[in-house]
Amino acid sequence: SFTMNMYLFVYDLMQFCGHSWIFTNMIIRFMTFGKDSLADTFYSIGLVMRLCQLLSVLEILHILTGIDKSRLLPRFWQITERIIVLFVVINSQEEVQGKYVVCVLFFLWNLLDVVRYTYNMLARMGIYYLPLTWLNFSLCILLYPLSVLAKGFAICVSLPYFESFGTYSIKLPFPLAFSIYFPYVLKMYLLVLFIGMCFIMQNLFSERKAHLGAGNFKNKRS
């Protein structure tokens, strides 16, 4: 319906503005302060980044309610892995927040999202620019594996701090005698993260084929 389409357009516009602000801020700070700006990335844009990622949870509801026709599992996986890395790994360990990998990760996320939400906004209005369509469904195939590598590196960097501070590790007293050592959980999640990457990459290639196939490309051109 027109109302739902307008709602999705406003949502995409809000996300575009948030990620564009973050991306522009990162570029300007790097051009102004050079390498010194990399260590302050989380402190300067972390709040807006967290808000944008929390807002992205609505995309799961959009799919569940049927107003967005995207596939649920791939989108759920991509949102979940960002939430885990950002809030559980980076946000909980101040020592990790100043690492260069955080800047690399934020750069990759925002570059992908600026393109994706620009494409989505125009698509809501029935506008398809072929270069933008090609970029939207091609750039993610290159950058998503790099972002997974950055997530994995961020987790590896955080492990010594989780081991030292015992963050999220739980040890229940007798008679339960049950304990959860969180660094082990993160190590298992690393394996899950890279297995999930294979599934997401397969989905990205199928989406690219569906939108950039010869028939679709000719239809959008006309």
Side-chain angles (χ1 to χ4, degrees), residues 18-19 22-23 26 29-30 35-60 72-113 140-204:
H19 288 289
I22 295 172
F23 190 73
M26 292 180 67
R29 283 176 54 80
F30 182 77
K35 291 184 178 180
D36 293 337
S37 67
L38 302 182
D40 291 334
T41 297
F42 186 84
Y43 304 103
S44 61
I45 64 174
L47 177 60
V48 181
M49 191 71 200
R50 281 172 283 180
L51 290 175
C52 287
Q53 295 308 316
L54 285 175
L55 191 61
S56 69
V57 176
L58 289 175
E59 295 179 29
I60 299 173
L72 175 62
L73 191 55
R75 195 73 201 113
F76 175 80
W77 179 259
Q78 289 175 295
I79 292 173
T80 301
E81 65 182 23
R82 286 194 185 189
I83 293 292
I84 291 174
V85 171
L86 179 59
F87 288 92
V88 177
V89 175
I90 299 175
N91 191 62
S92 66
Q93 299 296 338
E94 188 174 351
E95 290 77 7
V96 178
Q97 295 168 11
K99 303 295 185 181
Y100 288 172
V101 66
V102 175
C103 180
V104 173
L105 193 56
F106 283 9
F107 180 84
L108 294 173
W109 284 355
N110 284 281
L111 180 57
L112 283 169
D113 285 339
C140 55
I141 293 175
L142 173 64
L143 296 189
Y144 177 73
L146 295 179
S147 72
V148 172
L149 290 175
K151 292 170 197 169
F153 187 74
I155 292 174
C156 292
V157 168
S158 71
L159 285 174
Y161 303 107
F162 280 104
E163 292 171 355
S164 300
F165 303 135
T167 310
Y168 300 132
S169 293
I170 302 173
K171 187 174 184 180
L172 299 178
F174 184 83
L176 297 177
F178 179 76
S179 62
I180 298 177
Y181 188 55
F182 196 69
Y184 289 163
V185 176
L186 285 179
K187 290 175 182 179
M188 288 187 291
Y189 181 69
L190 273 175
L191 178 62
V192 174
L193 189 66
F194 285 98
I195 292 175
M197 181 183 71
C198 299
F199 165 70
I200 296 297
M201 288 300 297
Q202 183 180 13
N203 181 71
L204 292 176

K.L.:
Identify, with sequence neighbours excluded, every residue that meets side-chain contact (heavy atoms from CB on, under 4.5 Å) alongside Leu38.
P.N.:
Phe30, Tyr100, Cys103
K.L.:
Applying ring pair (Phe, Tyr, Trp, His ring centres under 6.0 Å), name anything that partners Phe76, two or more places apart in sequence or on another chain.
P.N.:
none
K.L.:
Applying side chain to side chain donor-acceptor pair (under 3.5 Å), name anything that partners Arg82, two or more places apart in sequence or on another chain.
P.N.:
Asp113
K.L.:
Test of understanding: with side chain to side chain donor-acceptor pair (under 3.5 Å), list the residues that count as partners of Thr80, not counting sequence neighbours.
P.N.:
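Thr80 satisfies side chain to side chain donor-acceptor pair (under 3.5 Å) with no other residue.
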K.L.:
With sequence neighbours left out, write down each residue that passes side-chain contact (heavy atoms from CB on, under 4.5 Å) with Ile141, or none if nothing qualifies.
P.N.:
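Here the qualifying residues are Met201, Leu204, Phe205, Arg208.
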K.L.:
Can you list every pair that meets salt bridge (charged side-chain N to carboxylate O under 4.0 Å, His left out) and has a residue in residues 144-168, with sequence neighbours left out?
P.N.:
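Qualifying pairs, neighbours excluded: Glu81-Lys151.
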K.L.:
I'd like to check the ring pair (Phe, Tyr, Trp, His ring centres under 6.0 Å) partners of Phe165; sequence neighbours left out, ordered by chain and number.
P.N.:
none
K.L.:
Run the side chain to side chain donor-acceptor pair (under 3.5 Å) test against Asn91 and tell me which residues pass, sequence neighbours left out.
P.N.:
Arg50
K.L.:
Considering only residues two or more places apart or on different chains, which pairs with a residue in residues 141-163 satisfy ring-ring contact (aromatic ring centres under 6.0 Å, His included)?
P.N.:
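As it turns out, the ring-ring contact (aromatic ring centres under 6.0 Å, His included) pairs with a partner in residues 141-163, which skip direct neighbours, are Phe162-Phe182.
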K.L.:
Quick one: which residue pairs count as a side chain to side chain donor-acceptor pair (under 3.5 Å) with a foot in residues 185-204, not counting sequence neighbours?
P.N.:
Arg71-Asn203
K.L.:
Identify the heavy atoms of Ile83 and Leu54 that sit nearest to each other, and give their distance.
P.N.:
CD1-N, 4.5 Å
K.L.:
Can you list every salt bridge (charged side-chain N to carboxylate O under 4.0 Å, His left out) pair that touches residues 84-98, not counting sequence neighbours?
P.N.:
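Residue pairs with at least one partner in residues 84-98: there are none.
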K.L.:
Using side-chain heavy atoms (C-beta onward) and a distance below 4.5 Å, is Ile90 in contact with Leu105?
P.N.:
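Yes, their side chains come closer than 4.5 Å.
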